[in-house]
Amino acid sequence: MALKRMDNVGIVVEDLEETIEFFTELGLEFEGRATIEGEWAGRVTGLGDQHVEIAMMRTPDGHSRLELSRFLAPAVVADHRNAPVNALGYLRAMFTVDDIDETLERLYKRGAQLVGEVVQYKEIYRLCYIRGPEGLLLGLAQELN
């Protein structure tokens, strides 16, 4: 039995519109929105009867997706968005970009904040972490070849 692929990474947010706009500015493509509700969905998540708005975002190469979710019911019970980078659990999603400086300029206009600084790893990458919408931690990488 072999793993076929990773379908998506899910991120729970409060403001679905702002988050869609941010990831669109980053370069992801909006695939669509849906409402997921009912006891069948709750059987998957263990949350019982739930009502969730989702938006699917796809990377330009078509191989990776983000599922952005906004829970209407049940209410959100925890908030990990501002955890430091050494906290247990989800760390960040990393995106490769053509030009890290140009990408940062565009994302700053959408409220992104640089976490540390842009650094160069050997002659291979320029890298940084940013806080995006709602404090989400994201990584940006620019290949230097």
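Predicted model, so just to flag it, every value in this text is computed and none were measured.
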Would you please test Thr96 and Glu143 for side-chain hydrogen bond (donor to acceptor under 3.5 Å, both in side chains) and show each step?
CA-CA 7 Å; Thr96 300; Glu143 295 173 317; 5.3 Å; no
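- Using a 4.5 Å heavy-atom threshold, the side chains of Val13 and Ile11 count as touching.
- No chain of hydrophobic side-chain contacts below 4.5 Å, direct or via other Ile, Leu, Val, Met, Phe, Trp or Tyr residues, connects Ile20 to Ile54.
- Between Glu134 atom CD and Glu14 atom CD the span is 5.0 Å, to the nearest 0.5 Å.
- In this structure Arg126 satisfies the side chain to side chain donor-acceptor pair (under 3.5 Å) test together with Asp101, sequence neighbours excluded.
- Listed here is the closest heavy atom pair of Arg92 and Gly139: CD-N, 4.0 Å.
- Heavy atoms only, all atoms of each residue included: Met94 and Leu140 are closest at SD-N, 3.5 Å.
- Grouping the Ile, Leu, Val, Met, Phe, Trp and Tyr side chains by contacts below 4.5 angstrom, directly or via other members, places Trp40 with Phe71.
- Atom CZ in Arg43 sits 11.5 Å away from atom CD in Gln50 (nearest 0.5 Å).
- Hydrophobic clustering (side-chain heavy atoms under 4.5 Å, transitive across Ile, Leu, Val, Met, Phe, Trp, Tyr) keeps Val77 apart from Leu47.
- At least one side-chain heavy atom of Leu137 sits under 4.5 Å from a side-chain heavy atom of Val115.
- Taking a cutoff of 4.0 Å between a charged side-chain nitrogen and a carboxylate oxygen, Glu102 and Arg106 qualify as a salt bridge.
- If you take CG on Leu68 and CZ on Phe22, they are separated by 11.5 Å, rounding to the nearest 0.5 Å.
- Enclosure of atom CD in Gln113 is not indicated, since only 12 or fewer non-hydrogen atoms of other residues, nucleotides or ligands lie within 6.0 angstrom.
- Between the Glu53 side chain and the Arg33 main chain, no donor and acceptor come within less than 3.5 Å of each other.
- Linking Ile, Leu, Val, Met, Phe, Trp and Tyr residues whenever their side-chain heavy atoms come within less than 4.5 Å leaves Met56 and Ile36 in two separate clusters.
- Distance check: Leu72 CG to Thr35 OG1 gives 7.5 Å after rounding to the nearest 0.5 Å.
- Considering CZ of Arg58 and NE2 of His63, their distance stands at 11.0 Å, rounded to 0.5 Å.
- Counting heavy atoms from C-beta on, the side chains of Glu67 and Asn8 come closer than 4.5 Å.
- Phe30 and Val12 are assigned to two separate hydrophobic clusters, defined by single-linkage of ILVMFWY side chains at heavy-atom distances under 4.5 Å.
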Evaluate the criterion side chain to side chain contact (heavy atoms under 4.5 Å, CB included) for residue pair Phe23 and Thr59; output intermediate values, then yes/no.
CA-CA 10 Å; Phe23 282 111; Thr59 56; over 6 Å; no
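- Using a 4.5 Å cut-off on side-chain heavy atoms (C-beta onward), Leu144 and Tyr125 make no contact.
- Using a 4.5 Å heavy-atom cutoff, the side chains of Leu127 and Val118 are not in contact.
- Not counting sequence neighbours, the partners of Asp7 by the side chain to side chain donor-acceptor pair (under 3.5 Å) test are Arg5.
- Using a cut-off of 4.0 Å between Lys/Arg side-chain N and Asp/Glu carboxylate O, Arg110 and Glu21 are scored as salt-bridged.
- Counting heavy atoms from C-beta outward, Arg131 and Leu136 have side chains that stay 4.5 Å or more apart.
- Proximity of Glu29 to Met57: side-chain heavy atoms (C-beta onward) are nowhere separated by under 4.5 Å.
- For the atom pair Cys128 SG and Leu114 CG, the distance stands at 5.5 Å (nearest 0.5 Å).
- Side-chain N or O atoms of Gln142 include one that pairs as donor or acceptor with a backbone N or O of Ile100 at under 3.5 Å.
- Inter-residue side-chain proximity for Phe95 and Leu66 is flagged as met; some heavy-atom pair is nearer than 4.5 Å.
- A pairwise comparison of heavy atoms in Pro60 and Gly27 identifies CG-O, 3.4 Å as the closest pair.
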